[in-house]
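Structure, as structure tokens:
Every number for a ligand or one of its atoms is a count from 1 in the order of the listing. These numbers come from a predicted model, not from an experiment.
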Amino acid sequence: MDIRDLLKIKYPIIQGGMANIATHKLASAVSNAGGLGLIGCGGWDPERVIEEIRKTKTLTNKPFGVNIMLMSPYAEAISDIVIEEGVKIVTTGAGNPGIYIKKWKEAGIIVIPVVPSVAFAKRLERSGVDALVVEGTEAGGHIGETSTMTLVPQVVDSVNIPVIAAGGIADHRGLDAAFILGAKGVQIGTVLLASEECPIHENYKQKIIKARDTGTVVTGRHTGAPVRVLKNQMAKEYLDLTKYGNAKLEDLEKLTLGSLRKAVFEGDVDRGSFMAGQSAGLVNQIRPINEILKDIFEKSLVYKGII
Ligand code: TUI
């Protein structure tokens, strides 16, 4: 199934549900450009989520979705809000959405969980989800262990629902690679951080475009929630503290507390947690979102029918 038909969008490209970043501004800009924009609820309380959904509706008449970060203390409340607000598409991350799927399907919602493994993908297919975002460890933020290159074809071989590839994709070559691996669409995040419309501090955008191939590290392996971020002083201190596996959780929490917000809103280059994927090395300029999406799709050899 072509996910452009499933989601009623022009390009087979969906936006990552980046916490504190994927506001109504980003989601509506992506949807208006022909992709699927997503409101990322990680970090927001229910009232803020309702406000963001309503604002998005005023800014686009194209399909958009809501991403629910399942580690959020508000995940359950938000699972009802999407139904009450008439949201048509829900993606989930950082946990198991199993307990919500039945009510979402009864409400006619298209459900697309993000998964980091074959086992989880198979389990969710049995629960009746419509498609899967299969995210490799190249992605930014909270990640699994397996690479996009190896994980996508293994999930494609294991399920009969459409797979959307994520992690490491920032241009038309990534889209082509994903389709050759059997994906029917791609999810992008990092390249959208470097867009004109992305509502983050200018320092965050500059850090993305300056990052090279080795510009990210993974913090939080120690606590069971690995998170890929751009290298900086904060990431270095975190890794130093966890080097011997005996860091106090309390010290780590102090270090990370509010650090994503410091990156997004204050552009604090030393103390911020600048979540980003390995594709930051591929992103070298700040562009409008419609140009980013058009470029990925129209330069694709798969879509030109060449391969
Ligand atoms: O969720 C993401 N990316 C994220 S969430 C986030 S906010 C956050 N910040 C700090 C620590 C933790 C979260 C930033 N980036 N991507 C999708 C994703 N889901 N990646 C990995 C997973 C995942 C992991 C385990 C999904 C399911 C899962 O299974 C748990 C279970 O219950 O079996």
Worked check of side chain to side chain donor-acceptor pair (under 3.5 Å) between Ser147 and Thr150: CA-CA 6 Å; Ser147 67; Thr150 57; 2.9 Å; yes
Taking only heavy atoms of [X], which atoms of ligand 1 are found under 4.0 Å from at least one of them?
| X | value |
| --- | --- |
| Val114 | 17 (C), 18 (C), 26 (C) |
| Glu135 | 16 (N), 17 (C), 18 (C), 20 (N) |
| Gly141 | 14 (C), 15 (N) |
| Met69 | 5 (S), 7 (S) |
| Phe120 | 26 (C), 27 (C), 28 (C), 29 (O), 33 (O) |
| Met71 | 12 (C) |
| Val227 | 10 (C), 11 (C) |

Would you call Gly95 a ligand 1 contact, heavy-atom distance under 4.0 Å? yes
CA sep, side-chain torsions, deciding dist, call: Lys25, Glu197, salt bridge (Lys or Arg N to Asp or Glu O under 4.0 Å): CA-CA 7 Å; Lys25 286 187 190 140; Glu197 296 92 333; over 6 Å; no
Would a single hydrophobic cluster contain both Ile286 and Leu26, if residues Ile, Leu, Val, Met, Phe, Trp and Tyr are joined by side-chain heavy-atom contacts under 4.5 Å? yes
When clusters are formed by joining ILVMFWY residues with side-chain heavy atoms under 4.5 Å apart, either directly or through shared neighbours, do Leu7 and Ile161 land in the same one? no
Among Gly277, Ala94, Gly16, whose heavy atom sits nearest atom 18 (C) of ligand 1? Ala94
Can you figure out which of Met18, Met275, Gln187 has its heavy atom closest to atom 9 (N) of ligand 1? Met275
Considering all heavy atoms of both residues, which atom of Ala165 and which atom of Val152 are nearest to each other, and what is their separation? CB-CG2, 3.7 Å
Report the nearest protein non-hydrogen atom to [atom]: residue, atom name, distance rounded to 0.1 Å.
| atom | result |
| --- | --- |
| atom 24 (C) of ligand 1 | Pro116 CG, 3.8 Å |
| atom 15 (N) of ligand 1 | His142 N, 2.9 Å |
| atom 32 (O) of ligand 1 | Asn96 CB, 3.6 Å |

Nearest-0.5 Å distance that lies between atom CE in Met275 and atom CD1 in Ile200: 12.5 Å
Can you find a pair of side-chain heavy atoms, one from Thr60 and one from His24, that are under 4.5 Å apart? no
Please tell me if the side chains of Glu237 and Arg271 come closer than 4.5 Å, counting only heavy atoms from C-beta onward. yes
Between the side chain of Thr190 and the main-chain N/O of Gly277, is any donor-acceptor distance below 3.5 Å? yes
